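Only one structure is covered here, and it is reproduced in the block below.
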Amino acid sequence: MIQAIRGTKDILPDTMHNWHYIEDVFRKSSAKFSYNEVRTPIFEKTEVFSRGIGENTDVVNKEMYTFESKGGDSITLRPEMTAAIGRSVLQNSLIQQSSVLRYWYFGPFFRYENPQKGRQRQFHQYGAETIGSPYPESDIENIALANDIIKSAGIKEYQLLLNSIGNTESRMKFRQALVEYFSGIKDQLSEDSQNRLDKNPLRILDSKNRNDIEAVKNAPVITDYLDEESSNHFNEVKAGLEKLGIEYREVPTLVRGLDYYCHTVFEFQSSALGAQDSFGGGGRYNGLLQQLGSKKEVPAVGFAMGVERLLLVLEAEKALPENAPVPDFYVICAGDSPREYSLNVINKLRSKGHNVLSDILRRSMKAQFREANKSGAPYTVIIGEDEMNKNILQVKKMETSEQKEISVDDLDYIKF
RNA sequence: GCGGGCGUAGCUCAGUCGGUAGAGCACCAGAUUGUGGCUCUGGUGGUCGCGCGUUCAAAUCGCGUCGCUCGCCCCA
(Lines give C-alpha, C1' and ligand atoms only; values in the text may rest on other atoms or scores of the structure.)
Protein backbone atom coordinates (compact mmCIF):
# COMPACT_ATOMS: atom_id res chain seq x y z
CA MET A 1 0.00 0.00 0.00
CA ILE A 2 1.31 3.42 -0.92
CA GLN A 3 1.81 5.51 2.18
CA ALA A 4 2.03 9.24 2.71
CA ILE A 5 5.54 10.58 3.25
CA ARG A 6 6.83 10.06 6.79
CA GLY A 7 5.93 13.01 8.96
CA THR A 8 3.07 14.17 6.73
CA LYS A 9 -0.63 13.79 7.44
CA ASP A 10 -3.87 13.89 5.53
CA ILE A 11 -6.29 16.38 6.98
CA LEU A 12 -9.56 14.54 6.40
CA PRO A 13 -13.12 15.93 6.36
CA ASP A 14 -13.86 14.75 9.90
CA THR A 15 -11.36 17.22 11.37
CA MET A 16 -11.68 19.96 8.77
CA HIS A 17 -14.09 22.00 10.86
CA ASN A 18 -11.33 22.42 13.46
CA TRP A 19 -9.08 23.93 10.82
CA HIS A 20 -11.81 26.22 9.57
CA TYR A 21 -12.43 27.29 13.15
CA ILE A 22 -8.83 28.27 13.81
CA GLU A 23 -8.36 29.81 10.37
CA ASP A 24 -11.38 31.99 11.07
CA VAL A 25 -9.72 33.17 14.29
CA PHE A 26 -6.58 34.00 12.31
CA ARG A 27 -8.52 36.15 9.84
CA LYS A 28 -10.59 37.95 12.42
CA SER A 29 -7.76 38.74 14.83
CA SER A 30 -5.51 39.86 11.98
CA ALA A 31 -8.25 42.16 10.74
CA LYS A 32 -8.69 43.64 14.23
CA PHE A 33 -5.06 44.74 14.07
CA SER A 34 -5.30 45.77 10.40
CA TYR A 35 -2.79 43.20 9.25
CA ASN A 36 -2.89 42.08 5.61
CA GLU A 37 -2.46 38.55 4.34
CA VAL A 38 0.47 37.63 2.10
CA ARG A 39 1.08 34.40 0.22
CA THR A 40 4.51 33.61 -1.12
CA PRO A 41 5.71 30.51 -3.04
CA ILE A 42 6.14 27.23 -1.19
CA PHE A 43 9.73 27.01 -2.46
CA GLU A 44 12.50 29.57 -2.75
CA LYS A 45 16.11 29.72 -3.79
CA THR A 46 18.07 28.04 -1.00
CA GLU A 47 20.05 31.21 -0.27
CA VAL A 48 16.88 32.97 0.97
CA PHE A 49 16.97 30.68 3.98
CA SER A 50 20.69 30.00 4.33
CA ARG A 51 21.47 33.73 4.37
CA GLY A 52 18.33 34.72 6.23
CA ILE A 53 18.17 32.16 8.99
CA GLY A 54 21.90 31.60 9.49
CA GLU A 55 24.33 28.97 8.27
CA ASN A 56 25.01 27.41 11.65
CA THR A 57 21.42 26.85 12.75
CA ASP A 58 20.01 23.33 12.78
CA VAL A 59 17.14 24.40 10.57
CA VAL A 60 19.53 25.32 7.77
CA ASN A 61 22.18 22.69 8.49
CA LYS A 62 20.18 19.52 8.57
CA GLU A 63 16.46 20.15 8.34
CA MET A 64 15.84 21.68 4.91
CA TYR A 65 14.29 19.90 1.95
CA THR A 66 16.76 21.07 -0.65
CA PHE A 67 17.05 19.89 -4.24
CA GLU A 68 18.46 21.03 -7.54
CA SER A 69 16.10 22.34 -10.19
CA LYS A 70 16.52 21.35 -13.82
CA GLY A 71 18.15 24.71 -14.44
CA GLY A 72 20.77 23.97 -11.80
CA ASP A 73 19.51 26.30 -9.07
CA SER A 74 19.46 25.06 -5.50
CA ILE A 75 15.86 25.16 -4.32
CA THR A 76 14.41 24.66 -0.84
CA LEU A 77 10.89 23.99 0.43
CA ARG A 78 10.30 26.81 2.89
CA PRO A 79 11.11 25.82 6.50
CA GLU A 80 9.72 29.12 7.82
CA MET A 81 8.22 32.32 6.50
CA THR A 82 10.15 35.30 7.82
CA ALA A 83 13.07 35.05 5.41
CA ALA A 84 10.68 34.50 2.50
CA ILE A 85 8.69 37.60 3.41
CA GLY A 86 11.97 39.50 3.69
CA ARG A 87 12.80 38.46 0.16
CA SER A 88 9.37 39.51 -1.06
CA VAL A 89 9.55 42.90 0.66
CA LEU A 90 12.88 43.66 -1.03
CA GLN A 91 11.95 42.27 -4.44
CA ASN A 92 8.68 44.23 -4.59
CA SER A 93 10.13 47.39 -3.01
CA LEU A 94 7.30 47.26 -0.52
CA ILE A 95 9.00 49.22 2.23
CA GLN A 96 9.55 52.10 -0.25
CA GLN A 97 5.80 52.31 -0.82
CA SER A 98 4.74 52.23 2.79
CA SER A 99 6.97 52.91 5.75
CA VAL A 100 5.32 50.26 7.89
CA LEU A 101 4.16 46.85 6.69
CA ARG A 102 1.78 44.70 8.70
CA TYR A 103 1.55 41.20 7.26
CA TRP A 104 0.11 37.88 8.30
CA TYR A 105 0.32 34.47 6.68
CA PHE A 106 -0.91 30.92 7.04
CA GLY A 107 0.33 27.84 5.20
CA PRO A 108 2.44 24.69 5.09
CA PHE A 109 6.12 24.52 5.99
CA PHE A 110 8.68 21.75 5.71
CA ARG A 111 11.45 20.54 7.96
CA TYR A 112 13.27 17.23 7.82
CA GLU A 113 13.00 16.13 11.45
CA ASN A 114 12.01 12.99 13.27
CA PRO A 115 8.27 13.17 13.85
CA GLN A 116 6.79 13.05 17.34
CA LYS A 117 3.93 14.65 19.18
CA GLY A 118 3.36 18.12 17.76
CA ARG A 119 6.14 17.70 15.24
CA GLN A 120 5.72 16.82 11.60
CA ARG A 121 7.78 17.18 8.46
CA GLN A 122 5.02 19.13 6.81
CA PHE A 123 3.31 21.37 9.32
CA HIS A 124 1.36 24.60 9.28
CA GLN A 125 2.15 27.99 10.70
CA TYR A 126 0.27 31.18 11.21
CA GLY A 127 2.48 34.21 11.69
CA ALA A 128 2.56 37.99 11.61
CA GLU A 129 5.36 40.38 10.75
CA THR A 130 5.52 44.03 11.75
CA ILE A 131 8.10 45.59 9.47
CA GLY A 132 9.59 49.09 9.44
CA SER A 133 9.59 50.31 13.05
CA PRO A 134 12.49 50.10 15.51
CA TYR A 135 10.28 51.25 18.38
CA PRO A 136 8.81 49.19 21.24
CA GLU A 137 5.26 50.01 20.05
CA SER A 138 5.97 47.65 17.21
CA ASP A 139 7.03 44.79 19.52
CA ILE A 140 4.01 45.45 21.71
CA GLU A 141 1.55 45.42 18.82
CA ASN A 142 3.02 42.23 17.41
CA ILE A 143 2.85 40.41 20.73
CA ALA A 144 -0.65 41.75 21.37
CA LEU A 145 -1.83 40.23 18.09
CA ALA A 146 -0.35 36.86 19.01
CA ASN A 147 -2.02 37.08 22.39
CA ASP A 148 -5.34 38.07 20.84
CA ILE A 149 -5.32 34.98 18.64
CA ILE A 150 -4.63 32.68 21.58
CA LYS A 151 -7.37 34.28 23.66
CA SER A 152 -9.88 34.41 20.81
CA ALA A 153 -9.27 30.75 20.00
CA GLY A 154 -10.25 29.93 23.55
CA ILE A 155 -6.95 28.92 25.14
CA LYS A 156 -6.85 29.69 28.85
CA GLU A 157 -3.84 27.84 30.23
CA TYR A 158 -0.73 29.25 28.63
CA GLN A 159 2.33 31.30 29.44
CA LEU A 160 4.08 34.09 27.61
CA LEU A 161 7.82 33.93 28.20
CA LEU A 162 9.74 37.10 27.51
CA ASN A 163 13.39 38.10 27.27
CA SER A 164 15.70 40.52 25.57
CA ILE A 165 18.92 39.40 23.93
CA GLY A 166 19.84 43.04 23.28
CA ASN A 167 21.44 44.74 20.34
CA THR A 168 24.50 43.35 18.60
CA GLU A 169 27.06 45.01 20.88
CA SER A 170 25.34 43.86 24.07
CA ARG A 171 24.99 40.36 22.70
CA MET A 172 28.66 40.15 21.69
CA LYS A 173 29.76 41.15 25.19
CA PHE A 174 27.38 38.67 26.76
CA ARG A 175 28.48 35.95 24.40
CA GLN A 176 32.09 36.56 25.35
CA ALA A 177 31.24 36.36 29.04
CA LEU A 178 29.35 33.12 28.45
CA VAL A 179 32.21 31.51 26.58
CA GLU A 180 34.61 32.48 29.37
CA TYR A 181 32.31 31.08 32.04
CA PHE A 182 31.46 27.82 30.28
CA SER A 183 35.03 27.20 29.14
CA GLY A 184 36.04 27.10 32.79
CA ILE A 185 33.59 24.27 33.49
CA LYS A 186 33.63 22.65 30.07
CA ASP A 187 33.98 19.12 31.44
CA GLN A 188 30.69 19.50 33.35
CA LEU A 189 28.73 20.23 30.16
CA SER A 190 26.95 17.73 27.94
CA GLU A 191 28.64 16.76 24.71
CA ASP A 192 26.08 18.79 22.74
CA SER A 193 26.75 21.87 24.80
CA GLN A 194 30.52 21.49 24.49
CA ASN A 195 30.01 21.66 20.74
CA ARG A 196 27.70 24.66 21.11
CA LEU A 197 30.42 26.49 23.03
CA ASP A 198 32.13 27.85 19.93
CA LYS A 199 29.25 27.60 17.47
CA ASN A 200 26.28 29.05 19.35
CA PRO A 201 26.99 29.45 23.10
CA LEU A 202 23.65 31.18 23.78
CA ARG A 203 21.87 27.91 23.05
CA ILE A 204 23.49 26.24 26.07
CA LEU A 205 21.17 28.39 28.17
CA ASP A 206 18.00 26.54 27.25
CA SER A 207 19.47 23.05 27.15
CA LYS A 208 17.29 20.42 28.81
CA ASN A 209 20.26 18.34 29.88
CA ARG A 210 20.47 18.03 33.68
CA ASN A 211 24.18 18.85 33.94
CA ASP A 212 23.73 21.83 31.66
CA ILE A 213 20.82 23.12 33.71
CA GLU A 214 23.04 23.00 36.81
CA ALA A 215 25.86 24.76 35.00
CA VAL A 216 23.51 27.45 33.68
CA LYS A 217 22.34 28.34 37.19
CA ASN A 218 25.49 30.34 37.92
CA ALA A 219 26.10 31.55 34.38
CA PRO A 220 26.16 35.25 33.49
CA VAL A 221 22.69 36.74 32.92
CA ILE A 222 21.92 38.62 29.72
CA THR A 223 20.06 41.33 31.61
CA ASP A 224 23.34 42.46 33.18
CA TYR A 225 24.92 42.94 29.77
CA LEU A 226 22.24 45.04 28.08
CA ASP A 227 23.46 48.52 27.22
CA GLU A 228 21.28 51.57 27.72
CA GLU A 229 19.57 51.38 24.33
CA SER A 230 18.80 47.69 24.78
CA SER A 231 17.47 47.89 28.31
CA ASN A 232 15.40 50.99 27.53
CA HIS A 233 13.80 49.16 24.65
CA PHE A 234 13.10 46.12 26.79
CA ASN A 235 11.65 48.17 29.64
CA GLU A 236 9.28 49.97 27.29
CA VAL A 237 8.09 46.69 25.81
CA LYS A 238 7.38 45.34 29.28
CA ALA A 239 5.59 48.52 30.32
CA GLY A 240 3.42 48.38 27.20
CA LEU A 241 2.43 44.77 27.81
CA GLU A 242 1.51 45.60 31.37
CA LYS A 243 -0.61 48.52 30.15
CA LEU A 244 -2.47 46.06 27.89
CA GLY A 245 -2.93 43.60 30.73
CA ILE A 246 -0.90 40.94 28.93
CA GLU A 247 0.78 38.73 31.49
CA TYR A 248 4.32 37.56 30.85
CA ARG A 249 7.11 35.85 32.67
CA GLU A 250 10.59 37.22 32.22
CA VAL A 251 13.00 34.37 31.51
CA PRO A 252 16.63 35.51 31.16
CA THR A 253 17.68 32.15 29.73
CA LEU A 254 15.17 32.29 26.86
CA VAL A 255 17.10 32.39 23.60
CA ARG A 256 15.93 31.33 20.20
CA GLY A 257 17.45 29.06 17.61
CA LEU A 258 17.42 31.34 14.61
CA ASP A 259 20.31 33.74 14.10
CA TYR A 260 18.28 36.75 13.02
CA TYR A 261 16.79 37.63 16.39
CA CYS A 262 17.82 40.63 18.52
CA HIS A 263 16.28 42.58 21.40
CA THR A 264 12.84 41.17 22.24
CA VAL A 265 12.34 37.41 22.07
CA PHE A 266 9.23 35.60 23.27
CA GLU A 267 7.58 32.25 23.35
CA PHE A 268 4.10 30.90 24.14
CA GLN A 269 3.97 27.67 26.13
CA SER A 270 1.30 25.21 27.17
CA SER A 271 1.69 22.18 29.39
CA ALA A 272 -0.77 20.29 27.17
CA LEU A 273 1.90 19.62 24.57
CA GLY A 274 4.44 17.23 26.12
CA ALA A 275 8.02 17.64 25.06
CA GLN A 276 7.26 20.39 22.55
CA ASP A 277 5.69 22.74 25.05
CA SER A 278 6.04 25.80 22.85
CA PHE A 279 3.27 26.51 20.36
CA GLY A 280 4.41 29.90 19.22
CA GLY A 281 7.33 32.21 19.35
CA GLY A 282 9.09 35.12 17.79
CA GLY A 283 11.10 38.23 18.29
CA ARG A 284 12.75 41.24 16.73
CA TYR A 285 14.92 40.82 13.67
CA ASN A 286 16.44 44.15 12.72
CA GLY A 287 19.32 42.66 10.75
CA LEU A 288 17.50 40.15 8.58
CA LEU A 289 16.69 42.29 5.56
CA GLN A 290 20.28 43.45 5.32
CA GLN A 291 21.35 39.83 5.38
CA LEU A 292 19.09 39.37 2.37
CA GLY A 293 20.64 42.29 0.51
CA SER A 294 18.89 45.44 1.69
CA LYS A 295 21.19 48.50 1.67
CA LYS A 296 19.40 50.03 4.63
CA GLU A 297 18.58 48.42 7.94
CA VAL A 298 14.87 47.54 8.07
CA PRO A 299 13.80 46.93 11.67
CA ALA A 300 11.05 44.37 12.19
CA VAL A 301 9.32 42.06 14.68
CA GLY A 302 7.45 38.85 14.00
CA PHE A 303 6.12 35.63 15.43
CA ALA A 304 4.92 32.27 14.22
CA MET A 305 2.55 29.72 15.69
CA GLY A 306 2.48 26.01 15.00
CA VAL A 307 -1.09 25.36 13.98
CA GLU A 308 -1.02 21.60 14.68
CA ARG A 309 0.26 22.41 18.16
CA LEU A 310 -2.37 25.09 18.58
CA LEU A 311 -5.02 22.50 17.72
CA LEU A 312 -3.51 20.07 20.26
CA VAL A 313 -3.79 22.71 22.96
CA LEU A 314 -7.36 23.55 21.94
CA GLU A 315 -8.28 19.89 21.99
CA ALA A 316 -6.79 19.45 25.46
CA GLU A 317 -8.73 22.46 26.68
CA LYS A 318 -11.90 21.20 24.95
CA ALA A 319 -12.17 24.52 23.16
CA LEU A 320 -12.85 23.14 19.68
CA PRO A 321 -16.29 23.30 18.06
CA GLU A 322 -18.22 20.04 18.34
CA ASN A 323 -19.79 19.33 15.01
CA ALA A 324 -19.23 19.64 11.33
CA PRO A 325 -21.97 21.46 9.40
CA VAL A 326 -25.05 19.39 8.50
CA PRO A 327 -27.30 19.56 5.43
CA ASP A 328 -30.65 21.36 5.72
CA PHE A 329 -32.53 18.76 3.68
CA TYR A 330 -32.10 15.15 2.67
CA VAL A 331 -34.15 14.39 -0.42
CA ILE A 332 -35.47 10.82 -0.57
CA CYS A 333 -36.87 9.03 -3.59
CA ALA A 334 -39.47 6.32 -3.00
CA GLY A 335 -38.88 3.90 -5.83
CA ASP A 336 -37.08 4.46 -9.11
CA SER A 337 -39.54 6.56 -11.12
CA PRO A 338 -39.19 9.95 -9.30
CA ARG A 339 -35.42 9.97 -9.49
CA GLU A 340 -35.05 12.23 -12.48
CA TYR A 341 -37.92 14.41 -11.31
CA SER A 342 -36.28 14.83 -7.90
CA LEU A 343 -33.39 16.70 -9.52
CA ASN A 344 -35.73 19.66 -10.00
CA VAL A 345 -36.61 19.72 -6.34
CA ILE A 346 -32.99 19.37 -5.24
CA ASN A 347 -31.95 22.10 -7.63
CA LYS A 348 -34.70 24.40 -6.46
CA LEU A 349 -33.67 23.99 -2.85
CA ARG A 350 -30.03 24.63 -3.65
CA SER A 351 -30.83 27.71 -5.70
CA LYS A 352 -32.56 29.10 -2.61
CA GLY A 353 -29.30 28.63 -0.71
CA HIS A 354 -30.13 25.43 1.20
CA ASN A 355 -27.61 22.65 1.77
CA VAL A 356 -29.04 19.51 0.25
CA LEU A 357 -28.00 15.86 0.31
CA SER A 358 -29.49 13.00 -1.70
CA ASP A 359 -28.85 9.36 -2.48
CA ILE A 360 -26.68 8.50 -5.48
CA LEU A 361 -26.53 4.75 -4.87
CA ARG A 362 -30.13 3.96 -5.89
CA ARG A 363 -30.67 2.50 -2.47
CA SER A 364 -33.83 1.44 -0.73
CA MET A 365 -35.95 4.03 0.98
CA LYS A 366 -35.03 2.56 4.32
CA ALA A 367 -31.34 2.98 3.53
CA GLN A 368 -31.96 6.55 2.40
CA PHE A 369 -33.67 7.31 5.69
CA ARG A 370 -30.79 5.77 7.58
CA GLU A 371 -28.34 7.97 5.76
CA ALA A 372 -30.57 10.99 6.23
CA ASN A 373 -30.60 10.30 9.93
CA LYS A 374 -26.82 9.90 10.05
CA SER A 375 -26.28 13.13 8.11
CA GLY A 376 -28.07 15.08 10.81
CA ALA A 377 -30.33 16.84 8.32
CA PRO A 378 -33.31 18.23 10.30
CA TYR A 379 -35.75 17.65 7.42
CA THR A 380 -36.24 14.96 4.81
CA VAL A 381 -38.16 15.60 1.62
CA ILE A 382 -39.87 12.49 0.28
CA ILE A 383 -40.84 12.13 -3.34
CA GLY A 384 -42.77 9.13 -4.66
CA GLU A 385 -44.83 8.55 -7.74
CA ASP A 386 -47.95 10.10 -6.18
CA GLU A 387 -46.13 13.23 -5.13
CA MET A 388 -44.54 13.54 -8.54
CA ASN A 389 -47.88 13.31 -10.32
CA LYS A 390 -49.62 15.74 -7.98
CA ASN A 391 -46.67 18.12 -7.86
CA ILE A 392 -46.44 17.92 -4.07
CA LEU A 393 -43.85 16.83 -1.51
CA GLN A 394 -43.87 15.06 1.81
CA VAL A 395 -41.66 16.91 4.25
CA LYS A 396 -40.73 15.17 7.47
CA LYS A 397 -39.20 16.75 10.53
CA MET A 398 -36.79 14.08 11.71
CA GLU A 399 -36.67 14.99 15.35
CA THR A 400 -40.42 14.66 15.92
CA SER A 401 -41.34 12.40 12.97
CA GLU A 402 -44.04 14.90 12.01
CA GLN A 403 -44.81 14.85 8.34
CA LYS A 404 -46.59 17.41 6.17
CA GLU A 405 -47.71 17.54 2.62
CA ILE A 406 -46.77 20.74 0.83
CA SER A 407 -46.62 22.00 -2.73
CA VAL A 408 -43.24 22.27 -4.43
CA ASP A 409 -43.57 26.04 -4.59
CA ASP A 410 -43.99 26.31 -0.84
CA LEU A 411 -40.66 24.63 -0.11
CA ASP A 412 -39.26 27.84 1.29
CA TYR A 413 -41.81 28.16 4.02
CA ILE A 414 -41.36 24.85 5.74
CA LYS A 415 -41.97 25.40 9.41
CA PHE A 416 -42.81 22.74 11.94
C1' G B 1 21.44 11.51 13.56
C1' C B 2 20.42 8.64 18.54
C1' G B 3 17.14 5.82 22.15
C1' G B 4 12.32 3.39 24.33
C1' G B 5 7.33 1.31 23.19
C1' C B 6 3.92 -0.67 19.54
C1' G B 7 2.18 -2.99 14.46
C1' U B 8 -4.05 -8.80 14.15
C1' A B 9 -10.92 -6.47 10.03
C1' G B 10 -12.38 0.61 8.49
C1' C B 11 -11.88 1.63 14.33
C1' U B 12 -10.84 -0.36 19.56
C1' C B 13 -8.81 -4.77 20.83
C1' A B 14 -8.73 -10.55 22.28
C1' G B 15 -6.01 -14.72 20.48
C1' U B 16 -3.63 -19.99 26.14
C1' C B 17 1.78 -24.52 25.39
C1' G B 18 3.46 -22.93 17.92
C1' G B 19 -1.76 -26.51 15.22
C1' U B 20 -3.73 -22.20 9.63
C1' A B 21 -8.10 -16.10 13.03
C1' G B 22 -12.22 -13.92 16.77
C1' A B 23 -15.33 -10.05 19.56
C1' G B 24 -17.49 -5.22 20.06
C1' C B 25 -18.28 -0.89 17.19
C1' A B 26 -18.88 0.68 12.09
C1' C B 27 -20.74 -0.80 7.20
C1' C B 28 -24.54 -3.69 4.09
C1' A B 29 -29.19 -6.47 3.99
C1' G B 30 -33.65 -8.55 6.15
C1' A B 31 -37.55 -8.75 10.07
C1' U B 32 -41.24 -3.81 8.29
C1' U B 33 -43.65 -4.42 -0.39
C1' G B 34 -43.55 4.17 0.85
C1' U B 35 -40.50 6.03 6.38
C1' G B 36 -34.70 6.86 10.23
C1' G B 37 -33.06 6.28 15.45
C1' C B 38 -34.34 1.13 19.46
C1' U B 39 -34.33 -4.28 19.11
C1' C B 40 -33.48 -9.04 16.76
C1' U B 41 -31.36 -12.05 12.62
C1' G B 42 -27.92 -12.59 8.81
C1' G B 43 -23.86 -10.80 5.70
C1' U B 44 -19.41 -8.21 3.52
C1' G B 45 -14.68 -7.38 5.25
C1' G B 46 -7.87 -10.24 6.97
C1' U B 47 -1.11 -11.72 2.51
C1' C B 48 -2.00 -11.29 11.29
C1' G B 49 2.93 -4.40 8.44
C1' C B 50 6.67 -6.68 4.95
C1' G B 51 10.87 -10.14 4.05
C1' C B 52 13.99 -14.06 5.44
C1' G B 53 14.97 -17.96 8.92
C1' U B 54 13.74 -22.12 12.65
C1' U B 55 9.80 -25.99 12.47
C1' C B 56 5.91 -31.41 10.01
C1' A B 57 3.33 -26.73 11.23
C1' A B 58 4.40 -19.51 12.74
C1' A B 59 -0.27 -14.12 14.31
C1' U B 60 2.70 -16.75 18.16
C1' C B 61 9.91 -18.13 18.21
C1' G B 62 14.62 -15.52 15.90
C1' C B 63 16.88 -11.92 12.63
C1' G B 64 16.21 -7.94 9.30
C1' U B 65 13.24 -4.12 7.35
C1' C B 66 9.22 -0.51 6.89
C1' G B 67 5.67 2.26 9.51
C1' C B 68 3.42 4.49 13.82
C1' U B 69 4.31 6.52 18.57
C1' C B 70 6.99 8.75 22.70
C1' G B 71 11.61 10.95 24.06
C1' C B 72 16.96 13.25 22.95
C1' C B 73 18.60 17.16 19.62
C1' C B 74 16.19 21.38 17.36
C1' C B 75 12.02 24.16 16.54
C1' A B 76 6.32 26.09 15.97
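Each chain gets a letter, A, B and so on, in the order the sequences are listed, and its residues count up from 1. All values reported here derive from a predicted model rather than from experimental measurement.
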Nearest-angstrom distance, C1' atom, B/rA21 to B/rG15: 8 Å
Sugar-phosphate only, base, or nothing, as touched by A/Glu191 at under 4.0 Å among non-hydrogen atoms: nothing
Nearest-angstrom distance, P atom, B/rA14 to B/rG7: 8 Å
Atom pair distance, as rounded to whole Å: CD in A/Glu402 and P in B/rG37: 19 Å
Atom-pair distance (CD on A/Gln3; P on B/rC66), nearest Å: 12 Å
Parallel, tilted or perpendicular, as decided by the 30° and 60° cut-offs, for the rings of A/Phe329 and A/His354: perpendicular
Whole-Å C1' distance, B/rC68 and B/rU16: 28 Å
P atoms of B/rA58 and B/rG51, separation to the nearest Å: 14 Å
Sugar-phosphate only, base, or nothing, as touched by A/Arg370 at under 4.0 Å among non-hydrogen atoms: sugar-phosphate
Sugar-phosphate, base or nothing in reach of A/Ile332, heavy atoms under 4.0 Å: nothing
Length of the CG-C1' vector between A/Leu312 and B/rU69, whole Å: 13 Å
side-chain N/O A/Arg363 vs B/rC28 OP1/OP2, d < 4.0 Å: yes
Pairing of A/Glu250 and A/Lys238 as salt bridge, 4.0 angstrom limit: yes
Sugar-phosphate only, base, or nothing, as touched by A/Gly282 at under 4.0 Å among non-hydrogen atoms: nothing
N/O (side chain, A/Lys374) to phosphate O (OP1/OP2, B/rC27) under 4.0 Å: yes
Atom-pair distance (CZ on A/Phe123; P on B/rA76), nearest Å: 8 Å
Side-chain H-bond candidate by donor/acceptor type, A/Glu141 with A/Tyr35, under 3.5 Å: yes
For atom CG of A/Leu361 and atom P of B/rC27, their distance in whole Å: 14 Å
Touch class at under 4.0 angstrom, heavy-atom based, for A/Glu387 against every strand present: base
C1' spacing across the pair B/rG22 / B/rU35, given as an integer number of angstrom: 36 Å
Inter-nucleotide P distance (B/rC13, B/rA31), Å rounded: 37 Å
Between A/Thr66 and A/Thr76, a side-chain donor and acceptor under 3.5 Å: yes
Sugar-phosphate, base or nothing in reach of A/Gly376, heavy atoms under 4.0 Å: nothing
Nucleotide paired to B/rC2 in any strand shown, Watson-Crick or G-U, under 3.5 Å: B/rG71
Test item: side-chain donor near acceptor, A/Tyr158 and A/Lys151, under 3.5 Å: yes
Touch class at under 4.0 angstrom, heavy-atom based, for A/Gln394 against every strand present: base
Side-chain touch A/Met388/A/Ser342, heavy atoms, less than 4.5 angstrom: no
Sugar-phosphate only, base, or nothing, as touched by A/Ala372 at under 4.0 Å among non-hydrogen atoms: nothing
Side-chain N or O of A/Arg119 closer than 4.0 Å to phosphate OP1/OP2 of B/rA76: no
B/rA9 versus B/rC2 - spacing of their C1' atoms, nearest Å: 36 Å
Pi stacking test for A/Phe279 and B/rA76: under 5.5 Å apart, planes under 30°: no
Interatomic distance where CD belongs to A/Glu371 and P belongs to B/rU35 [whole Å]: 18 Å
Atom-pair distance (CD on A/Glu399; P on B/rG37), nearest Å: 16 Å
Spacing between A/Met305 atom CE and B/rA76 atom P, to the nearest angstrom: 12 Å
Between A/Gln394 and A/Glu387: side-chain donor-acceptor atoms closer than 3.5 Å: yes
Separation of the P atoms in B/rU41 and B/rG24, to the nearest angstrom: 10 Å
Below 4.0 Å: OP1/OP2 of B/rG71 and any side-chain N or O of A/Gln116: yes
